[in-house]
Each structure stands twice: as structure tokens, then as C-alpha cells.
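Before any comments, here is the structure.
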Amino acid sequence: MTIIRPKKSLGQHFLKDFGIAQRIAETLSVYRGLPVLEVGPGTGALTRFLLDEGYDLSVAEIDPASIKYLEQHFPNLSGRIYAANFLKMNLDHLYESKFCVTGNYPYYIASQIFFKVLEYREQVICCSGMIQKEVAERLSATPGSRNFGILSALIQPWYDVEYLFTVSEKVFDPPPKVKSAVIRMTRNDRTELGCDEALYKKVVKTSFNQRRKTLRNSMKPLLGKDCPYFTLPIFDKRPEQLSVEQFIELTLIVDKHLLSTHNNHD
């Protein structure tokens, strides 16, 4: 039988508390009829509960040793182990229906995993799992809190994010240097942003580049120094004070200004 040791290069911290694994599996209980893709199953601590609960489960695993281990210990996963980097997978034709994503995610790529899910938001109806506590706090932060940032403002238009519970570093082998948390992102009913999506991302990232400054200062790289809209009250605020709807409003203002500037140069 394969003996598997955590690889530092892959950010592996294997969960050894099956009670926690079961609680993560339960985060998807509302979606029991839908297929589930587990990202980075490692030694299958979470996998066993997802299978026991009867989910239509596939897994994406990049580590050859883990793949071999899973093949030996979970024969009913046969044909449903993707030896692939989740971040590079094309999820378009993975399932015929909507599906869920879950996992005990490698902390160093957690944000990238959520942005990948965001790309496939029409298919991924729920995404849950374990991540670094700080990232979980940023994902679920409300406007006005110090944790509200780029991740919050880009994910929350499309997903309702719940911070479910905190997990001690002691339940892992090896223990990470940080606490962990389990979150759940549930797709909301928004079908369109109401502004140019690429520009929205640019506005969010530009505003948080200087998050301690008011938007009047932080938005100068996009709007220039003499933008006539700087007199509007929204520019008195700092980026973390804006709600998603206000970021959409800000994006429409930026769009209007860029269009008028472009027209003036023609």
C-alpha cells in the first residue's frame, strides 16, 4: 500500500480530524442531488464522507502519490479521478448539470481557486471548503470592515458567502502556522452586474491599491487628477466603505468619464 507524506511544495496539510471532515461534507447537504468536484483530496479525509453520503463525486488531484493512494483506498472513485491542476481544468463540459466544488484547499492558491469558480459561476452553484482563516474573513467581510477588500468585492456580487466555523491548526499533519476556517459560497440570483465587468474588476483593484486613501486619491491612476466627478460624495469614501452596489455605481461613473475623455480626444 502507498504511504503518503505531505509535500511542502504543494502546500499539503492533511486533515486528521474526521469530525471536521464530516462537517465540511455536511456543508453541501442542501445540494445532495448535484454532482460534486473535490479539489485536492490528498489522503481522502473528506472524500470518504462525501462518498458515504452518496454524492456523485469526482476529484481533481495533482499529486501522483495521492492519486495512487486514492485509487487503492477508494475503488468506487475509479474513472472519476482527474489527474489535473484544478486551476487549469476546463469545467465547461465536466457535468451536464450545475455542480458543487469543495475541498481542503491548498492555502497558497485558495484565492485563485475562488476566482476560477467565479469564471464558472453559471455552473458552480455552491463552493465550500477549508481555507486560511484570514482569507475566509476577507471573503465573508461586510462593507465597512477592515477585512473587506478585492476578494470580497469581486466574489460577493455573485455569491453569498458564509463564514461557518474556525478550525485549529492542531488537526492537521503537519500543523500549518495559521488557523483555518470553513466557508460556503452559494450562488445568488444576480444574472448581470449592471456595468462593464472587466472595468468593475479594474475599478475594484485600483481603489484597493491605496486602500487607506479616499477614492478621490486612489482613483487618480484611472481618472486623472482633474476628473470633474471628484466632487461627488462617493469619492469622499475609502474603498472598504463601499458596498457592491456602490462599486457598480463607481464603475458607471468611471465608464462615463473614460467615454467622454475618449470622445474629446477624437
Side-chain angles (χ1 to χ4, degrees), residues 1-8 10-78 80-84 86 99-110 113-114 117 124-137 139-140 161-186:
M1 282 288 187
T2 302
I3 295 173
I4 181 166
R5 292 183 173 84
K7 293 182 178 65
K8 195 174 181 180
L10 294 177
Q12 288 176 330
H13 297 275
F14 294 143
L15 183 61
K16 56 185 184 180
D17 184 325
F18 290 139
I20 300 290
Q22 186 169 15
R23 288 177 73 187
I24 297 172
E26 286 167 359
T27 62
L28 300 178
S29 59
V30 181
Y31 302 100
R32 201 174 294 280
L34 292 179
V36 174
L37 177 65
E38 183 188 355
V39 177
T43 54
L46 173 57
T47 312
R48 75 177 64 232
F49 290 102
L50 292 167
L51 288 171
D52 286 349
E53 291 293 325
Y55 287 102
D56 174 11
L57 181 67
S58 303
V59 301
E61 178 56 69
I62 201 171
D63 179 21
S66 286
I67 292 167
K68 196 172 178 185
Y69 183 94
L70 293 164
E71 285 171 343
Q72 289 174 353
H73 289 80
F74 300 97
N76 45 351
L77 267 185
S78 179
R80 292 187 290 164
I81 299 174
Y82 295 100
F86 173 73
F99 64 98
C100 302
V101 173
T102 193
N104 174 20
Y105 303 117
Y107 292 167
Y108 72 108
I109 57 164
I113 286 170
F114 298 126
V117 165
V124 181
I125 197 145
C126 181
C127 173
S128 70
M130 182 140 54
I131 54 177
Q132 186 176 334
K133 184 173 183 280
E134 285 176 15
V135 178
E137 286 169 344
L139 257 181
S140 58
V161 186
E162 300 166 89
Y163 183 111
L164 297 177
F165 58 92
T166 306
V167 179
S168 163
E169 58 273 40
K170 294 172 185 172
V171 301
F172 297 94
D173 176 29
K177 292 185 171 69
V178 294
K179 291 206 182 301
S180 306
V182 173
I183 56 102
R184 177 171 51 208
M185 295 167 28
T186 306

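With sequence neighbours excluded, no residue forms a ring pair (Phe, Tyr, Trp, His ring centres under 6.0 Å) with Tyr31. Applying the salt bridge (charged side-chain N to carboxylate O under 4.0 Å, His left out) test to Glu26 and every residue at least two apart in sequence or in another chain returns nothing. For Arg48, there are no salt bridge (charged side-chain N to carboxylate O under 4.0 Å, His left out) partners two or more places apart in sequence or in a different chain. With sequence neighbours left out, Glu137 forms a side chain to side chain donor-acceptor pair (under 3.5 Å) with Lys133. Scored by the side-chain contact (heavy atoms from CB on, under 4.5 Å) test, Asp52 finds no partners at all (sequence neighbours excluded). A search for ring pair (Phe, Tyr, Trp, His ring centres under 6.0 Å) contacts involving Phe114 returns Tyr105, not counting sequence neighbours. Partners of Glu71 by salt bridge (charged side-chain N to carboxylate O under 4.0 Å, His left out), not counting sequence neighbours: none found. Among residues two or more places apart in sequence or in another chain, the side chain to side chain donor-acceptor pair (under 3.5 Å) test is passed with Tyr163 by Thr166. In this structure Arg184 satisfies the side chain to side chain donor-acceptor pair (under 3.5 Å) test together with Glu162, sequence neighbours excluded. Partners of Ala25 by side-chain contact (heavy atoms from CB on, under 4.5 Å), not counting sequence neighbours, listed by chain and number: Leu46, Phe49, Leu50. In terms of the salt bridge (charged side-chain N to carboxylate O under 4.0 Å, His left out) criterion, Asp17 has no residue partners (sequence neighbours excluded). Ser29 meets the side-chain contact (heavy atoms from CB on, under 4.5 Å) test with Arg32, Tyr55; sequence neighbours excluded.
The shortest non-hydrogen separation linking Glu169 to Val178 is CB-O, 3.6 Å. Taking every heavy atom of both residues into account, Ile125 and Cys100 meet most closely at CG2-SG, 4.1 Å. Smallest separation of non-hydrogen atoms from Thr47 and Pro41: OG1-CB, 3.4 Å. Considering every non-hydrogen atom in both Glu61 and Gly42, the closest pair reads OE1-N, 3.0 Å. Summarising the geometry of Ala45 relative to Ala21, their closest heavy-atom pair is O-CB, 3.4 Å, with the distance given to 0.1 Å. Of all heavy-atom pairs between Leu164 and Ile183, the closest is CD1-C, 4.1 Å.
At least one side-chain heavy atom of Met130 sits under 4.5 Å from a side-chain heavy atom of Tyr107. Using a 4.5 Å heavy-atom threshold, the side chains of Met185 and Val124 count as separate. A 4.5 Å side-chain heavy-atom check between Leu139 and Ile131 finds at least one atom pair inside the cut-off. Annotation: side chain of Cys126 is not in contact with side chain of Thr27 (no heavy-atom distance under 4.5 Å). Using a 4.5 Å cut-off on side-chain heavy atoms (C-beta onward), Val59 and Phe74 make no contact.
Distance check, rounded to the nearest 0.5 Å: CD of Glu38 to CG of Leu57 gives 6.0 Å. The SG atom of Cys127 sits 9.0 Å away from the CG atom of Leu28 when rounded to the nearest 0.5 Å. Between atom NE2 of residue His73 and atom NZ of residue Lys68 there is a gap of 12.0 Å, rounded to the nearest 0.5 Å. In this structure, CG in Leu51 is found 5.0 Å from CG in Leu77, a value given to the nearest 0.5 Å. Ile62 CD1 to Ile67 CD1: the interatomic distance, rounded to the nearest 0.5 Å, is 8.5 Å.
Without hydrogens or angle criteria, Thr102 side chain to Ser128 main chain gives a donor-acceptor distance under 3.5 Å.
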